[in-house]
Enquirer: 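Below: one structure in structure tokens.
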Amino acid sequence: MSAKLDITKLAMSWTKYSVVQLIDVISSEEEIQKFKNKEKGIDEVCLKKFLGIHNLSDETPPIWIEIQKHPKQKRLFALLGLIFTHYENISNFANSYSNDKMGGIFLMASGKQFTNMRGALVISGASLNSFRRKDEVPYSFKPLYENGEVGKLFKDLLIQRLTSIGWEGENFYDVCYELNFHKAVSLTEGQFKEWTEGKTLVKSKLIDNLESLKKNNKITTYKVDQWLKEWDDINFAADEMRKKPNPFFIMFKMDARLLKRLSDVHRRKSADSSIKDLSVQRPHNESRSQEIHNYIHGGFPWSTISETQRQSEEYKDLKMPGILPTAIIANILAPNSERGKYSLQLEDSIQIENIDSDFPVLKIPDSVFTEDWDPNLKPFEIIDGQHRLWAFDEEEDLNGNYELPVIAYYDLDRAWQAYLFYTINIKPVKINTSLGYDLYPLLRTQNWLEPLNDGLTFYRENRAQELVEALWIYKESPWRNRIKMLGEGEGNISQASFINTLTSSFLKKPSNKGIGGLFSNLITQGGKNKVLNWNRTQQAGFLILFWDLILESLNDYLPSEEEEEEEIDTLREEPLWARSIRETEKEDDRIEGMHPAFTSKNSFLSRDQGVRGVSMFLNDFFYFLASDDSILNLNELAWDDDLDEKTILADSIDKAIQDFKKHDIYAVLKSLSREIIKMDWRTGSSDFSDNPEQKFKQMSYKGSSGYTMIWKELTSVISNSKDLIISKYANQISEFIKS
């Protein structure tokens with residue numbers, strides 16, 4: 001080994017979350033360039049060390065361009081690129097985690113670097129999402145070893161890493177073996193050399209399966225006509241995503257693995273989160289799909305017992321056929337159909353032959369049966385039955401046949417998909433009604449649900465109740481124990497008032513002029529309608545985070561004990577209204593760690609009028625912002641974890657808030673919070689010795705008319721912001737008010 005070689009020079013910081021984001025950087029050449037151009041935020045030092053460049057203006061190394069040709073291995077390759085940015089990672093994987101099965105078990109320890117490594121294992125696909133919070137995380141690199149070309153790229157990556165720490169280019173394999181690079185990736189010395197020289201180590205079962213499935217490239221279906229003439233006068237509005245459907249559906253059978261391959265039922269790429277902006281959002285509950293997988297292979301109750309019991313002769317009699325007779329409900333996309341920023345390419349679409357006959361034929365593109373077929377948008381949308389498909393692995397070698405019955409619509413608009421989802425899953429009370437509106441956000445906009453007991457009124461009122469409870473109970477919420485629940489407890493605002501505030505802002509019906517609730521209505525963007533797909537956990541996290549930022553903006557003006565003792569006048573920037581409340585608030589009425597201007601009964605920020613005014617403005621601001629994706633795409637904040645069934649859990653809110661803090665929306669929220677405290681929030685009972693005339697203006701905010709007055713005044717104040725983004729949308733609200 002070269003005397004100049006010092007492995008400890010590989011020491012990129014792993015304490016920043018940016019290291020986990022790096023896996024998303026290489027999702028496409030376009031994404032790489034966006035990060036290099038600073039169009040997307042990330043730690044620049046980490047980015048440069050990961051890519052292997054000195055300056056962001058440097059040309060992207062060819063390995064990151066070439067790996068785009070191998071979508072199946074791309075994210076795992078990025079994971080290896082991350083592991084090999086720090087010598088301690090290499091040592092830990094080689095000596096502590098690795099096994100002889102081309103994988104291993106990651107062992108959690110204290111420290112941000114371990115939390116980030118666990119996250120990277122999950123996000124890359126090396127580990128299942130269900131291990132996101134586990135202390136022992138099994139992982140597998142095996143898919144990497146199905147492709148020798150990826151091995152050659154990995155050799156190039158190692159050469160890049162070694163060169164950066166002084167390697168002079170001699171005895172590559174001797175150096176790698178001495179540094180245990182082969183052990184770090186769970187290979188023997190021989191396997192490591194073969195793979196990095198281009199040899200495939202593991203035969204892909206997918207290739208064999210695709211060859212056998214290719215005989216299904218034409219599928220005869222049975223057309224079912226279903227249309228009554230009295231349906232012709234229904235409101236079919238294309239701009240509401242409810243264009244008139246075809247008067248039929250088709251029925252057929254298909255191998256479960258092929259159906260999964262043709263559908264967008266797979267691990268989503270981060271860059272593709274916008275695909276599901278208006279579509280079914282059934283999050284992958286791995287334990288559920290694993291139980292279905294076990295059921296398929298051994299029926300019930302065999303599927304519910306432990307792995308050890310399933311391997312025991314004692315429980316052999318419990319094994320039964322795992323029959324799934326109910327149909328998967330699907331929509332076949334027409335060519336050029338758009339979902340988010342993607343459209344279905346003609347070469348990836350399903351052709352329907354003899355569509356006018358009773359037996360149309362589905363023609364599946366030949367490219368589907370090639371290993372690297374992985375378009376941004378696939379031709380099947382699953383309306384019901386996702387977890388049944390998740391139970392199948394496209395590489396699984398099924399001993400026999402397992403076909404699923406399918407009922408498919410053709411070119412069915414998204415509002416009708418929402419309608420079918422509702423009638424299948426919510427109306428029969430198969431799932432939590434409130435949860436249904438998160439699984440299929442488009443339901444929040446369907447007028448036909450308005451008069452139903454579990455319809456839109458239910459959604460708005462029940463969701464407001466859930467959000468207020470989260471604000472009240474979440475340990476880090478500035479409203480924790482400061483809302484009078486059921487008329488009792490601490491605080492200056494009641495639960496009922498807070499619920500009314502949310503149903504009058506984020507969950508309000510659209511006005512005649514078109515502006516509605518951010519959490520409950522369609523938003524027009526670029527001439528097209530969309531829905532903000534945030535679930536209730538994200539909605540709660542958004543509200544908690546923003547109110548916390550308002551509190552932080554005020555707390556910045558709380559003097560330290562040293563400043564008070566030394567009488568240092570450092571508080572001239574503090575808004576006079578806030579300083580007035582702080583200096584006159586009685587000691588017994590103060591809450592430790594909170595500026596009195598946020599908590600005092602003499603501040604509208606703690607009372608119904610102020611909370612409603614802030615909420616009305618915040619909703620309208622982000623409603624206009626969401627209509628313009630040139631600044632922020634709020635649907636980038638996709639939720640990949642399971643949804644909480646019964647109530648919003650604290651761990652889920654933690655994750656939602658962290659996601660917001662990593663997104664560009666965080667800077668906007670911080671800026672807005674600083675602008676909001678510039679307005680005078682004193683109630684009429686406050687001290688106005690600094691400005692007696694202001695008292696009469698503040699008194700006018702009382703009563704039901706006060707909500708609108710505060711909303712208008714706040715809009716006026718923020719319209720003068722020096723922050724161009726803030727002033728832009730505040731002025732749009734001003735124009736809306738004038739109209």
Enquirer: If you take all heavy atoms of Phe50 and Gly81, which pair is closest and at what distance?
Expert: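 Of all heavy-atom pairs spanning Phe50 and Gly81, the closest is CE1-C, 4.0 Å.
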
Enquirer: With sequence neighbours left out, what residues match Val20 under side chain to side chain contact (heavy atoms under 4.5 Å, CB included)?
Expert: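 Side chain to side chain contact (heavy atoms under 4.5 Å, CB included) check on Val20 returns Tyr17, Asn116, Ile123.
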
Enquirer: Just verifying a value: how many Å separate Ile7 CD1 and Leu179 CG, rounded to the nearest 0.5 Å?
Expert: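 Reported value, rounded in 0.5 Å steps: 4.5 Å.
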
Enquirer: Could you tell me which residues satisfy salt bridge (Lys or Arg N to Asp or Glu O under 4.0 Å) with Glu29, sequence neighbours excluded, listed by chain and number?
Expert: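 Residues passing salt bridge (Lys or Arg N to Asp or Glu O under 4.0 Å) with Glu29: none at all.
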
Enquirer: Checking Ser367 against Glu347 for the side-chain contact (heavy atoms from CB on, under 4.5 Å) test, could you report, in this order, the C-alpha distance in whole Å, the side-chain angles of both residues, the deciding distance, and whether it holds?
Expert: CA-CA 8 Å; Ser367 57; Glu347 61 268 24; 5.5 Å; no

Enquirer: So, the side chain of Asp348 versus the backbone of Leu344: is there a donor-acceptor pair under 3.5 Å, distance only?
Expert: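 Not confirmed, Asp348 side chain does not pair with Leu344 backbone.
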
Enquirer: Could you grab the distance from atom CG of Leu333 to atom CG of Leu262, nearest 0.5 Å is fine?
Expert: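 Between Leu333 CG and Leu262 CG, I get 11.5 Å after rounding to 0.5 Å.
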
Enquirer: Rounded to the nearest 0.5 Å, what's the gap from CG on Leu318 to OG on Ser303? Could you check?
Expert: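 Reported to 0.5 Å precision, the distance equals 10.0 Å.
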
Enquirer: Taking atom types as modelled, find out whether Lys662 and Gln21 have a side-chain donor-acceptor pair closer than 3.5 angstrom.
Expert: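 No, no side-chain donor-acceptor pair sits under 3.5 Å.
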
Enquirer: Within 45° of the ring axis of Tyr173 and under 6.0 Å from its six-membered ring centre, is that where the NZ or CZ of Lys193 lies?
Expert: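 Judged by the rule, Lys193 and Tyr173 form a cation-pi pair.
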
Enquirer: Do the side-chain N and O atoms of Gln351 and Ser349 include a donor-acceptor pair separated by under 3.5 angstrom?
Expert: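 Gln351 vs Ser349: donor-acceptor pair found between side chains.
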
Enquirer: Can you check whether Ser28's main-chain N or O pairs, donor with acceptor, with Glu31's side chain at less than 3.5 Å?
Expert: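 Flag not set: sc Glu31 to bb Ser28 has no pair under 3.5 Å.
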
Enquirer: Going by side-chain hydrogen bond (donor to acceptor under 3.5 Å, both in side chains), name the pairs with one or both residues in residues 148-166, residues two or more places apart or in two chains.
Expert: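 Matches after skipping sequence neighbours: Glu149-Lys152.
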
Enquirer: Can you list everything that forms a side-chain hydrogen bond (donor to acceptor under 3.5 Å, both in side chains) with Ser212? Sequence neighbours excluded, please.
Expert: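 Ser212 satisfies side-chain hydrogen bond (donor to acceptor under 3.5 Å, both in side chains) with no other residue.
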
Enquirer: First locate atom OH of Tyr402, then atom CZ of Phe392, and finally report the distance between them rounded to the nearest 0.5 Å.
Expert: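 Going from OH on Tyr402 over to CZ on Phe392, the span is 5.0 Å.
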
Enquirer: Going by salt bridge (Lys or Arg N to Asp or Glu O under 4.0 Å), name the residues that satisfy it together with Glu66, two or more places apart in sequence or in a different chain.
Expert: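 Salt bridge (Lys or Arg N to Asp or Glu O under 4.0 Å) list for Glu66, sorted by chain: Lys69.
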
Enquirer: List the steps, then state whether ring-ring contact (aromatic ring centres under 6.0 Å, His included) holds for Tyr295 with Phe300.
Expert: CA-CA 6 Å; Tyr295 168 82; Phe300 181 85; 7.7 Å; no

Enquirer: Within the side chain of Thr85, is there an N or O that forms a donor-acceptor pair under 3.5 Å with the backbone of Leu82?
Expert: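 Answer holds: yes.
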
Enquirer: Atom CZ in Phe106, atom CD in Glu136: separation rounded to 0.5 Å?
Expert: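 Output value for this atom pair is 11.0 Å.
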
Enquirer: Does the side-chain contact (heavy atoms from CB on, under 4.5 Å) test come out yes or no for Leu10 and Asn89, once each step is laid out?
Expert: CA-CA 10 Å; Leu10 284 178; Asn89 289 338; over 6 Å; no

Enquirer: Tell me the closest heavy-atom pair linking Asp6 and Thr8, and the distance in Å.
Expert: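 Closest pair (atom of Asp6, atom of Thr8, distance): OD1-OG1, 2.6 Å.
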
Enquirer: Do other residues, nucleotides or ligands put more than 12 heavy atoms under 6.0 Å from the CD atom of Glu39?
Expert: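 Yes, CD of Glu39 has more than 12 neighbouring heavy atoms, counting only those of other groups under 6.0 Å.
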
Enquirer: Taking only residues two or more places apart in sequence, or in another chain, which ones meet Glu189 in a salt bridge (Lys or Arg N to Asp or Glu O under 4.0 Å)?
Expert: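 Checked Glu189 against salt bridge (Lys or Arg N to Asp or Glu O under 4.0 Å); zero matches.
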
Enquirer: Are the side chain of His70 and the backbone N or O of Lys72 linked by a donor-acceptor pair below 3.5 Å?
Expert: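 No.
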
Enquirer: Any salt bridge between Asp24 and Lys40, counting N to O under 4.0 Å?
Expert: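 No, this pair does not count.
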
Enquirer: Let me confirm one number: the CG-NZ distance from Leu22 to Lys49, rounded to the nearest 0.5 Å.
Expert: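 Leu22 atom CG to Lys49 atom NZ measures 12.0 Å (nearest 0.5 Å).
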
Enquirer: Treating Ser263 as the side-chain partner and Ile382 as the backbone partner, does any N or O pair qualify as donor plus acceptor under 3.5 Å?
Expert: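 No: the side chain of Ser263 does not pair with the backbone of Ile382.
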
Enquirer: For Lys16, what residues pass the side-chain hydrogen bond (donor to acceptor under 3.5 Å, both in side chains) criterion, not counting sequence neighbours?
Expert: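 So Lys16 forms a side-chain hydrogen bond (donor to acceptor under 3.5 Å, both in side chains) with Asp43.
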
Enquirer: Under 3.5 Å, side chain of Arg339 to main-chain N/O of Leu377, donor-acceptor pair present?
Expert: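 Between the backbone of Leu377 and the side chain of Arg339 there is no qualifying donor-acceptor contact (under 3.5 Å).
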
Enquirer: Give a yes or no answer on whether the side chain of Arg118 reaches the backbone of Lys134 with a donor-acceptor pair at less than 3.5 Å.
Expert: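 Between the backbone of Lys134 and the side chain of Arg118 there is a qualifying donor-acceptor contact (under 3.5 Å).
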
Enquirer: Ignoring hydrogens and angles, tell me if any N or O in the side chain of Arg388 forms a donor-acceptor pair with the backbone of Thr326 under 3.5 Å.
Expert: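 Here the side-chain-to-backbone pair exists.
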
Enquirer: Run the side chain to side chain contact (heavy atoms under 4.5 Å, CB included) test against Lys316 and tell me which residues pass, sequence neighbours left out.
Expert: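 Checked Lys316 against side chain to side chain contact (heavy atoms under 4.5 Å, CB included); matches are Glu313.
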
Enquirer: Using a 3.5 Å distance criterion without hydrogens, assess whether the side chain of Trp64 forms a donor-acceptor pair with backbone atoms of Ile32.
Expert: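 A pair under 3.5 Å: no.
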
Enquirer: Minimum heavy-atom separation for Phe192 to Cys176, with atom names?
Expert: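 Closest approach of Phe192 to Cys176: CE2-CB, 3.8 Å.
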
Enquirer: By the salt bridge (Lys or Arg N to Asp or Glu O under 4.0 Å) test, which pairs, at least two apart or in different chains, include something from residues 91-101?
Expert: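 Every pair satisfying salt bridge (Lys or Arg N to Asp or Glu O under 4.0 Å) with a residue in residues 91-101: there are none.
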
Enquirer: Looking just at side-chain N and O atoms, do Ser91 and Asn95 make a donor-acceptor pair shorter than 3.5 Å?
Expert: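 There is such a pair between these side chains.
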
Enquirer: Report yes if the side chains of Lys183 and Thr188 come closer than 4.5 Å at any heavy-atom pair, otherwise no.
Expert: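 The answer is no; the side chains never approach within 4.5 Å.
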
Enquirer: The criterion is side chain to side chain contact (heavy atoms under 4.5 Å, CB included); which residues satisfy it with Ser652, sequence neighbours excluded?
Expert: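 Ser652: side chain to side chain contact (heavy atoms under 4.5 Å, CB included) contacts with Thr537, Trp639, Asp644, Leu649.
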
Enquirer: Could you list the residues that satisfy side chain to side chain contact (heavy atoms under 4.5 Å, CB included) with Ala184, not counting sequence neighbours?
Expert: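 By the side chain to side chain contact (heavy atoms under 4.5 Å, CB included) rule, Ala184 matches Phe84, Ile90, Phe93, Ala94.
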
Enquirer: Any chance you could lay out the side-chain contact (heavy atoms from CB on, under 4.5 Å) test for Trp195 and Val150, step after step, and finish with the verdict?
Expert: CA-CA 8 Å; Trp195 183 55; Val150 173; 4.0 Å; yes

Enquirer: Between Lys253 and Glu403, is there a side-chain N and carboxylate O pair less than 4.0 Å apart?
Expert: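 Yes.
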
Enquirer: Is there a donor-acceptor pair closer than 3.5 Å between any side-chain N or O of Lys142 and the backbone N or O of Val202?
Expert: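 Not a single qualifying donor-acceptor pair exists.
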
Enquirer: Please list, chain by chain and in numerical order, all residues satisfying salt bridge (Lys or Arg N to Asp or Glu O under 4.0 Å) with Lys112, sequence neighbours excluded.
Expert: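 Expected list: none.
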
Enquirer: Step through the shown structure and confirm whether more than 12 heavy atoms of other residues, nucleotides or ligands are within 6.0 Å of NZ on Lys363.
Expert: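 Yes, the 6.0 Å shell around NZ holds more than 12 heavy atoms from other groups.
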
Enquirer: Where is the tightest heavy-atom contact between Ile23 and Ala78, given as atom of each residue plus distance?
Expert: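 That would be CA-CB, 4.2 Å.
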
Enquirer: Set out, in order, the CA-CA distance, both residues' side-chain angles and the distance that settles side-chain contact (heavy atoms from CB on, under 4.5 Å) for Asn92 and Leu107, then state yes or no.
Expert: CA-CA 9 Å; Asn92 287 338; Leu107 305 174; over 6 Å; no

Enquirer: Relative to each other, are the rings of Phe141 and Tyr139 parallel, tilted or perpendicular (30° and 60° limits)?
Expert: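 Judged by the thresholds at 30° and 60°, the geometry between Phe141 and Tyr139 is tilted.
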
Enquirer: Which pair of non-hydrogen atoms, one from Leu56 and one from Lys48, has the smallest distance, and what is that distance?
Expert: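 It is CD2-CG, 3.7 Å.
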
Enquirer: Of the non-hydrogen atoms in Gly41 and Phe35, which two are nearest, and what is the gap between them?
Expert: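 The answer is O-CE2, 3.9 Å.
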
